[in-house]
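Have a look at the structure below before the remarks.
When a ligand or atom number is given, it counts from 1 through the structure's own listing order. All values below were derived from every heavy atom in this structure, side-chain atoms included, with hydrogens, water molecules and symmetry-related copies excluded. Keep in mind that this is a model prediction, so the values were computed, not measured.
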Amino acid sequence: MSVQVFGLPVSRGVAIGRAVLVASSRVDVAHYFIEPEQTGAELRRLKKARDQVCREFEALKLDVQGDAPAELVALLDVHLMLLNDDLLAGATCQWIEERQYNAEWAVAAQLETLSRQFDEMEDEYLRERKADLEQVAERLIETLARGGQSVGVRASLGAAADDVPLVLVANDISPADMMQFKGGVFRGFVTDVGGRTSHTAIVARSLDIPAVVGARDASRIIRQDDWIIIDGDAGLVIVDPSPMILEEYRFRQRQGQLERDRLARLRHRPAVSLDGQRIELLANIELPTDAPAALEAGAEGVGLFRSEFLFMNRGGRLPDEDEQHAAYAAAVTTMRGLPVTIRTIDIGADKPLDRMTLSELRHEHSLNPAMGLRAIRWSLADPGMFTVQLRAILRAAALGPVRLLVPMISHPGEIRATFEAIERARAQLRREQLPCGDVKIGAMIEVPAAALMLPLFLRHFDFVSLGTNDLIQYTLAIDRADESVAHLYDPWHPAVLGLVSTTIRAARAAGREVCVCGEMAGDMEFTELLLALGLRSFSMHPSQLPGIKQRILRTEIPALEALADQVLTSDDPRAAWLAGRARTVQPAPVPVA
Ligand code: PEP
Ligand code: MG
């Protein structure tokens, strides 16, 4: 029977595929396909790992016998039994043989299937054995991972995924996990938790795959292998759709592709409004390997390189100066003389360094990570790490135009400390006679305190960039990653629009460049309003760029300026804007070249 699940639309488009449920496992599970001829070797790898875990349990049993409580020995027996039971052992082999999953993925998939069966058991004793099963499976996965990379190769990801499209369903995926999916295994994803501007959602947008977050019970309702439709425009997930619905969505998928192809033809056209004003369109990237897509989409530079993604999935080992320099240099050279804005590390809150669920992060690290040690606070608390990053950025600036952007800065003392750190790094490089370039230094305006005392920032910084995702979070006291308050996360809130507007106007009046690099910049709903408020520089995911450019090409900015002023003083800015827009004459659509 077809079921619908509702969540928050975070990345546009339609994905249709078979569900892969990723258990919120505490261990790292690699997901990739093996080549059919590698099946035998993968099965042997699984058997070797299982034999090894068996030996460990047997040895443990011998060790604890004697004075240990009888329950402990009995528990080890249960673990041994589960490990060898056909339900785990046999079925896991099937995932490898029939689906070509790698061994770790096969164990995780079977664990997910069995966990559900355990949850449905009447008998409490048996139901509680689920924890034992999880421990056994996780030990097996860890042993497999310790044994090194399997014979499978990640290069085969795309090929196998093409036969049967797959979509990912999970309770929660960290941004670090999302980065692993850049290889393209999954066509879309659904999570139970998360908000519209959570970093997981942002990474999904950067992957340009349809996604729905905050779908609450999705990972409980959807089962392994169910066919599902993800409607990333409506925030809807349809489980087990009827043939008629499926056909309708396949049609929408084709239409979406046609529209993307049409917009792609605007690539080389400058973004100039109908009244002749030139607008700068920049790209947000996570890794230097995203830079070619930025150029391809027609970006005139990188407005936000979220450098923290270089620091993730590294088991706690941070990239050293040369490794960071190579990454920044790669982005700078790929952009061929266009400016690259590198934001210093913004780690913390919903962006842990390594795989960790949000709830683990909240409980293990601090009660309220969004207000804790994050971004520039983190950098200033670890001067050694910060100097390494600053040196790498300054060295990359010798290769092309680089701008340095400081996240979440709000306190005058932080401004002083940041400039001192930059000067120290520059002086070191000079002493060592290493080449370093001039950089413009900018502040992200994403804490209300910074917006409220903008003149101070404008005296120190060369430019400012509005981080609207965090500015909304901190102005409205709404955790951007928490789906239970997502309905209150409102970019149209008068307080938010007031801060955005005063920042743009004050920066322009002071002759400083101002950009918006939060999700508002790539949201077509706000393009005209931001233009009318005076914004002339937008930074967004490359995939959003053509649509925004089309909007700009159709906008007569002066015709909207008076309306923007009225909206700022309205109790309900969105309604005032929509009503006013309906009254202004729609300019004729601009034909695509
Ligand atoms: C923002 O807060 O708007 C922003 C661009 O930074 P991030 O989303 O990485 O926090
Ligand atoms: Mg931010």
At under 4.0 Å between heavy atoms, which part of [X] makes contact with ligand 1: side chain, backbone, both or neither?
X	answer
Glu286	neither
Asp346	side chain
Glu519	neither

message: Below 30° counts as parallel, above 60° as perpendicular, anything between as tilted: where do the rings of Phe526 and Trp492 land?
response: tilted

Exercise: do [X] and [Y] side chains pair donor with acceptor under 3.5 Å:
X	Y	value
Asp192	Ser219	yes
Tyr489	Glu483	no
Thr191	Asp172	no
Thr197	Glu519	no

Is there a side-chain contact between [X] and [Y] in this structure, where contact means two heavy atoms from C-beta onward sitting under 4.5 Å apart?
X	Y	value
Leu404	Ile422	yes
Arg187	Ile209	no
Val212	Phe189	no

May I ask you to list the atoms of ligand 1 that are less than 4.0 angstrom from any heavy atom of [X]?
X	result
Met444	4 (C), 5 (C), 6 (O)
Glu446	1 (C), 2 (O), 4 (C), 6 (O)
Leu304	5 (C)
Cys517	5 (C)
Arg374	10 (O)
Arg306	4 (C), 5 (C), 6 (O), 7 (P), 8 (O), 9 (O)
Gly467	1 (C), 2 (O), 3 (O)

Shortest protein heavy-atom distance from [atom], along with the residue and atom involved:
atom	answer
atom 8 (O) of ligand 1	Arg480 NH2, 2.7 Å
atom 7 (P) of ligand 1	His199 NE2, 3.2 Å
atom 6 (O) of ligand 1	Arg343 NH1, 2.9 Å

- prompt: Of Asp523, Asp233, Asp231, which meets salt bridge (charged side-chain N to carboxylate O under 4.0 Å, His left out) against Arg12?
  reply: Asp233

query: Going from OG on Ser379 to CE on Met408, what distance comes out if it is rounded to the nearest 0.5 angstrom?
result: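 Rounded to the nearest 0.5 Å, the OG-CE separation comes to 11.5 Å.
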
Does atom [atom1] of [X] have more than 12 heavy-atom neighbours from other groups under 6.0 Å away?
X	atom1	result
Asp320	CG	yes
Arg416	CZ	no
Asp438	CG	no

- prompt: Among Arg508, Arg536, Arg403, whose side chain to side chain donor-acceptor pair (under 3.5 Å) with Glu513 holds?
  reply: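 Only match with Glu513 under side chain to side chain donor-acceptor pair (under 3.5 Å): Arg403.
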
- prompt: Counting heavy atoms only, which of Ile445, Asn469, Ile202 comes nearest to atom 3 (O) of ligand 1?
  reply: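 Looking at heavy atoms only, Asn469 sits closest to atom 3 (O) of ligand 1.
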
statement: What lies under 2.8 Å from the Mg ion (ligand 2), restricted to protein N/O/S atoms, is Glu446 OE1, Asp470 OD2

- prompt: Less than 3.5 Å between some nitrogen or oxygen of Asp470 and one of ligand 1, yes or no?
  reply: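 N/O-N/O distance below 3.5 Å exists for this pair.
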
- request: Return yes when Met520 approaches ligand 1 closer than 4.0 angstrom through a heavy atom, no otherwise.
  value: no

